[in-house]
Amino acid sequence: TNNETELFSVPLAGGTSVKLSNPLPVNGDIFGIEISADSSRVVYDGDQDVNNLFEIYSVPSAGGTSIQLNGPLVAGGRVFSYGISPDSSRVFYVADQDTNDVNELYSVPTTGGTATKLNDTLVSGGDLQTIFVQFSPDSGRVLYYADQDTDEVWELYSVPAAGGTSVRLNGDLVAGGDVLFRDLQFSPDSSRVLYQAIQDTPGVAELYSVPTTGGTPIKLNPPFAAGMDIDDHQYSPDGSRVLYYADQDTDGVFEIYSVGALGGTAVKLNGPLPPGGTVTAAGQQFTPDSSRVVYLAGQDTADVIELYSVLATGGTPVKLNSPLTSGGDVQAVHVSPDGSRVLYLADQDVDN
């Protein structure tokens, strides 16, 4: 039907396509889709039953009965975001299901059933951020970000995926403190969570690691002074180390550092920078075996971005690209899945 977006599935090798969504009301549409990791089901959202009433549905990926996953919504309510657990068993969703304009977190089996509210009772004015929710890699817990205890004080919580008691993960915050929403991250084995927060020093965001089920957070960076900042962080694939990008040594000059996942001495990975030299925010990544880090930097010549590799525990960086033509730069990098080679994009031979 023209101007009516619906959902279809077809065998990859070709064949007859199957419509997965139900008949739509006038002006109804299907918007987003997500396929379970085991490929058995598709979860999608749209105003399938009532125009402008946005809900989520689950259907077998080869076709079958589509079922609504969310519970009944209050007048004005809608589903805002959702995700499927890595083991394909459950779906979380964020909706103002019980109280209009109060976003809360729910979990439901992928095949349908009773939805369980995961967050604790919210303080008056409290809310849950719609886009910073994630399952742990083992599917056992859900991480969420909310001003659950104090209005407009955003903190980090973890709760069993099927429901139970939620725990606050961050430590007590200084006056005016907050947990930052960027790069909230489970460790690969689901045992810990990385987060950034203005927790210890007013106005200074620092990097912490904490057990997924709650406990004492560990600060991973050395104490920061006002003006210092961490712009990015990531776990190594084996979970043993954390890579972060910060202006730790010189205000406004961001470099890359590596530290043990349970704390210890952070080491700078990039080599000394010339005046005006930079390590770029893009391109930093561990090799699949966690032994090395590749990064892009104007390390030898300030305005020439090149590709380097260094041991994850620190050492002398190795330049990987061939000599660049005048004006040339390396722009993107990707490590092969087996870690044996690096692909890079550059105007190495001819400028531009």
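With sequence neighbours excluded, no residue forms a side chain to side chain donor-acceptor pair (under 3.5 Å) with D232. In this view, N70 and E55 satisfy the side chain to side chain donor-acceptor pair (under 3.5 Å) rule, not counting sequence neighbours. For K19, the salt bridge (charged side-chain N to carboxylate O under 4.0 Å, His left out) partners at least two apart in sequence or on another chain are E6. Residues passing the ring-ring contact (aromatic ring centres under 6.0 Å, His included) test with F80: none are found, sequence neighbours excluded. Taking Y195 as the reference, Q199 meet the side chain to side chain donor-acceptor pair (under 3.5 Å) condition, with sequence neighbours excluded. A search for side-chain contact (heavy atoms from CB on, under 4.5 Å) contacts involving V50 returns L53, not counting sequence neighbours. For S36, the side chain to side chain donor-acceptor pair (under 3.5 Å) partners at least two apart in sequence or on another chain are D38. Legend: residues meeting ring-ring contact (aromatic ring centres under 6.0 Å, His included) with F286, ordered by chain and number and at least two apart, are absent. The salt bridge (charged side-chain N to carboxylate O under 4.0 Å, His left out) search around R41 returns none, not counting sequence neighbours.
Shown here for V259 and L220, the closest heavy-atom pair between the two residues is CG2-O, 3.6 Å. Nearest heavy atoms, T165 versus P160: O-CD, 3.6 Å.
Between F186 and Y235, the distance separating the two ring centers is not shorter than 6.0 angstrom. Ring-centre distance between F181 and W154: not below the 6.0 Å cut-off. Proximity of the aromatic rings of F135 and F92 is defined here by a centroid distance below 6.0 angstrom, and this criterion is met.
Annotation: side chain to side chain donor-acceptor pair (under 3.5 Å) contacts involving residues 123-136, sequence neighbours excluded, comprise S136-D138.
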What pairs of donor and acceptor atoms, side-chain ones from residues 271-280 against any protein atom, are under 3.5 angstrom apart with sequence neighbours left out?
{"residue": "T280", "atom": "OG1", "partner": "A282", "partner atom": "O", "Å": "2.7"}
{"residue": "T280", "atom": "OG1", "partner": "L296", "partner atom": "O", "Å": "3.4"}

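V102 belongs to a hydrophobic cluster with L122, counting contacts under 4.5 Å between side-chain heavy atoms of Ile, Leu, Val, Met, Phe, Trp and Tyr, direct or through other members.
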